[in-house]
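Heads up, the thing below is written out as structure tokens.
We count residues from 1, following the sequence as given. All ligand and atom numbering here is 1-based and tracks the order in the structure.
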Amino acid sequence: MQQKETPTTWLGMSLPEMRDAFLTLGLDGYRDHQMADWLYKKGVTDFAAITNFSLGLRQLLAETGSLGYPEVTRFLASKEDPVWKALLTYDDTAQAECVLMSYSYGNSVCLSTQVGCRMSCLFCASGSGGWQRNLSAGEILAQILILRRLALPQGEGHRVSHLVLMGMGEPLDNFEQVHKALTIANASWGLGISYRNITLSTIGLVPQMEKLRHLKLPLNLSLSLHAPDDTLRHQLVPGATKFSISEVLGALWRYVETTRRRATVEYCLISGVNDSASQARELARLLKGHLVHLNLIPYNPPGSEKAPRSWQRSSLQNTQAFTTILQEAGVTTTLRREMGSDISAACGQLRQMSKSIPAAERKEGS
Ligand code: SAH
């Protein structure tokens, strides 16, 4: 429950929470639906614009709380692809980034769920500088609303239809707030995004995968595997050391069985590290016969602070050979198309760059 003196933050509240907040202010609870409409359908960024609330009410709302928008510190549009990226700064100076990609089938937003990451994947920039904190449901939803407002023209195409939780952070390490954000993203009073169009990517925290399975949502689950054997996997993904590949894949197949959704396995191809023919055969053995799609991702340097500088993405030849082995074993395999590389669209890279920009060039608070 909200305490009276705590300022109300409207983005990220459930309908009952909004109702309670209005009642606490001595107002009618039915305004919850009106507020939701302004927040998520109209994307209002200022109480002053809520024109069906009286001036007095708008003032009261501004005095007692905020909508919950962070500052947009940088906003970049790719010159190569229909891709936009924003770097956001929250009140406590924590920063997160998000990306909107426009496809023929709709507009997809890639969300960050934490500031920093505790999983410390060697090839990923998100964990560099450590873990700062979880993002709240409202802070996660604000990313969608900001990109929709800045990147999409008003009218027909002004809709985010897909979400991927593949930005900074490990979504299952922030289970409650991520679940709440997705509930609102999905709700008819919220953003109305079908769970079938939402993909949550995880390194495979087994207890949380089970918890997610029990929710029985038709949400797509993507597992970042990156290696076919435990020794290498635990080096590349230190946050996964507690779980063996067989435990993680066991949880993934149970998830598929419960939800009937095809799973995705992600595998970042690093030359000479995890891209040999024998590793491809081992990976095929693990995946074949299951309702799964393998997504190969070319390594995008520089990775984490601990990543060897000599690491490079796999050569085209190795990538092709790797793909062929998987496909011949009957595993549906695709190579991730890279978009927006001119705006450092990979996880954590923009925030990383902003840290290396001299303070004078940065906006206040970044
Ligand atoms: N923590 C979650 C979601 C975020 S990362 C997870 O690990 O699944 C989304 C995907 O991008 C993951 O598969 C991740 O391993 C991959 N990735 C991160 N940094 C990368 C890089 N530098 N090059 C290629 N893929 C990368």
Side-chain angles (χ1 to χ4, degrees), residues 96-99 101 108-129 131 134-135 140 143 163-175 178 181-182 198-206 208-209 212 219-227 232-241 243 248-249 251-252 255 263-271 273-275 283 292-309 311-314 319 322 334-341 344-353:
E97 40 188 86
C98 48
V99 183
M101 291 153 288
S108 178
V109 166
C110 177
L111 293 168
S112 290
T113 55
Q114 298 181 313
V115 180
C117 186
R118 288 201 269 220
M119 303 302 124
S120 322
C121 298
L122 267 188
F123 48 83
C124 179
S126 297
S128 300
W131 182 81
N134 282 326
L135 289 175
I140 296 169
Q143 298 171 42
L163 298 177
V164 291
L165 280 69
M166 294 188 182
M168 199 190 302
E170 166 52 47
L172 293 186
D173 189 33
N174 181 15
F175 195 97
V178 165
L182 295 186
I198 304 179
T199 301
L200 186 151
S201 179
T202 177
I203 64 145
L205 302 176
V206 173
Q208 288 92 326
M209 285 169 82
L212 189 68
L219 183 75
N220 306 303
L221 192 57
S222 186
L223 173 71
S224 296
L225 193 64
H226 306 308
L232 179 61
R233 182 161 202 263
H234 293 161
Q235 280 168 14
L236 297 179
V237 188
T241 316
F243 310 106
V248 173
L249 286 178
L252 189 67
Y255 185 87
T264 305
V265 162
E266 287 158 284
Y267 195 103
C268 170
L269 281 173
I270 312 165
S271 180
V273 174
N274 63 355
D275 67 342
L283 183 61
V292 67
H293 175 112
L294 175 65
N295 197 1
L296 297 173
I297 318 172
Y299 171 54
N300 193 350
S304 77
E305 293 146 338
K306 292 198 184 123
R309 293 293 145 225
W311 272 11
Q312 287 177 355
R313 62 179 46 188
S314 301
T319 305
F322 200 92
T334 48
L335 188 63
R336 180 179 290 177
R337 208 187 120 210
E338 289 183 281
M339 299 224 295
S341 49
S344 306
C347 322
Q349 292 186 340
L350 189 63
R351 186 179 75 121
Q352 189 88 327
M353 272 164 48

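- Residue contact annotation: Gly167 has a non-hydrogen atom under 4.0 Å from ligand 1.
- Classified by interplanar angle (parallel below 30°, tilted 30° to 60°, perpendicular above 60°), the ring pair His226/Phe123 is perpendicular.
- Considering only residues two or more places apart in sequence or on other chains, Asp173 meets the side chain to side chain contact (heavy atoms under 4.5 Å, CB included) condition with Gln114, Arg118, Met119, Trp131, Glu170, Leu205.
- Under a 4.0 Å criterion applied to the non-hydrogen atoms of Met166, ligand 1 contributes the atoms 4 (C), 5 (S), 9 (C).
- For the pair Asp275 (side chain) and Ser314 (backbone), a donor-acceptor distance under 3.5 Å is absent.
- Only the side chain of Ile297 comes within 4.0 Å of ligand 1, counting heavy atoms alone; its backbone N, CA, C and O stay farther away.
- With no hydrogens or angles considered, no side-chain donor-acceptor pair links Ser271 and Gln312 at under 3.5 Å.
- Heavy-atom separations between Pro301 and ligand 1 are all 4.0 Å or longer.
- With hydrogens and angles ignored, the 3.5 Å screen pairs a side-chain donor or acceptor of Arg233 with a backbone N or O of Leu225.
- Of the listed options Ser224, Ala240, Pro298, Gly204, Ser224 places a heavy atom closest to atom 12 (C) of ligand 1.
- Heavy atoms of Cys268 come nearer than 4.0 angstrom to ligand 1 in at least one pair.
- For Leu335, the side chain to side chain contact (heavy atoms under 4.5 Å, CB included) partners at least two apart in sequence or on another chain are Leu296, Pro298, Thr319.
- The distance criterion of under 3.5 Å between nitrogen or oxygen atoms is met by Phe123 with respect to ligand 1.
- Of all atoms in ligand 1, numbered sequentially from 1 with element shown, those under 4.0 Å from a heavy atom of Thr202 are 6 (C), 8 (O).
- The distance criterion of under 3.5 Å between nitrogen or oxygen atoms is met by Glu266 with respect to ligand 1.
- Nearest heavy atom pair, residue Ala240 against residue His234, reads O-NE2, 3.4 Å.
- Residues Asn220 and Thr264 have side chains not in contact (no heavy-atom distance under 4.5 Å, counting atoms from C-beta outward).
- The contact set between ligand 1 and Glu170, taken as ligand atoms under 4.0 Å from a residue heavy atom, comprises 1 (N), 2 (C).
- The distance from ligand 1 to the heavy atoms of Gly169 drops below 4.0 Å at these ligand atoms: 1 (N), 2 (C), 3 (C), 4 (C).
- Here Cys117 contributes atom SG and Asn174 contributes atom CG; the two are 11.0 Å apart, rounded to the nearest 0.5 Å.
- Within the structure, the closest approach of Met119 to ligand 1 does not fall below 4.0 Å when heavy atoms are considered.
- Residue His226 places a heavy atom less than 4.0 Å from ligand 1.
- Looking only at side-chain heavy atoms (C-beta outward), Leu135 and Val115 come within less than 4.5 Å of each other.
- The distance criterion of under 3.5 Å between nitrogen or oxygen atoms is not met by Arg336 with respect to ligand 1.
- Of all the atoms in ligand 1, the ones that sit under 4.0 Å from a non-hydrogen atom of Cys124 are 18 (C), 19 (N).
- Considering backbone and side-chain N/O atoms, Gly303 never comes within less than 3.5 Å of an N/O atom of ligand 1.
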